[in-house]
Amino acid sequence: MSIGARLAELRLRKGKSLQEVADAVGVSKTHIWQMEKGRSENPSTDLLRNLSEYFGVSFDFMLGTDGSTSLVDAEAQQFFRDFKSLSDKEREALMQTLELFKNKPNPK
């Protein structure tokens, strides 16, 4: 998957407009659109870092070098990195919350 395709997938899944992304990372809406369409090659490292921070994914995911095959994989890897940085008490609270969700009956 190309950088542009990853960018488009991130933007659409997060429900962001071209303008919102452009404003957040300090480039034009046209530049984001061109990246998504593959018409802007070799984006700067700073831009890719800003995009990865904005979307909460790794820089390696933006480059396509982290081994993720999907955005879900990238989000799971980011969640795991965030989870490891929590205190023991915070991890325990999060695990309890996860158990509540896992044991919640599914509506039919």
Who are the side-chain contact (heavy atoms from CB on, under 4.5 Å) partners of Thr45, not counting sequence neighbours? Arg49, Phe59
Applied to residues 89-100, the salt bridge (Lys or Arg N to Asp or Glu O under 4.0 Å) test, sequence neighbours excluded, yields Asp88-Arg91, Glu99-Lys102
Cut-off 3.5 Å, no hydrogens considered: what does the side-chain donor-acceptor table look like for residues 22-34, sequence neighbours left out?
{"from": "Asp23", "atom 1": "OD1", "to": "Gln19", "atom 2": "NE2", "distance (Å)": "2.8"}
{"from": "Ser28", "atom 1": "OG", "to": "His31", "atom 2": "N", "distance (Å)": "3.0"}

Scanning both residues in full, the closest heavy-atom pair of Leu47 with Pro43 reads CD2-CB, 4.1 Å
Working to the nearest 0.5 Å, report the span between CG of Asp82 and CZ of Phe80. 11.0 Å
Rounded at 0.5 Å granularity, tell me how far CZ in Phe55 sits from NZ in Lys16. 8.0 Å
Quick test of your reading: applying side chain to side chain donor-acceptor pair (under 3.5 Å), list the pairs with at least one residue in residues 50-63, sequence neighbours left out, ordered by first then second residue. Asp60-Thr65
Which hydrophobic side chains are connected to Phe83, either touching it within the sub-4.5 Å cutoff or through other members that do? Phe79, Leu86, Leu94, Met95, Leu98
Going hydrophobic residue to hydrophobic residue with side-chain gaps under 4.5 angstrom, can you get from Val57 over to Leu12? no
Smallest heavy-atom separation, Met35 atom then Leu48 atom, equals CE-CD2, 4.4 Å
Among residues at least two apart in sequence or on other chains, which ones pass salt bridge (charged side-chain N to carboxylate O under 4.0 Å, His left out) with Lys14? Glu75
Residue pair Val21 / Leu51, side-chain heavy-atom distance below 4.5 Å: yes
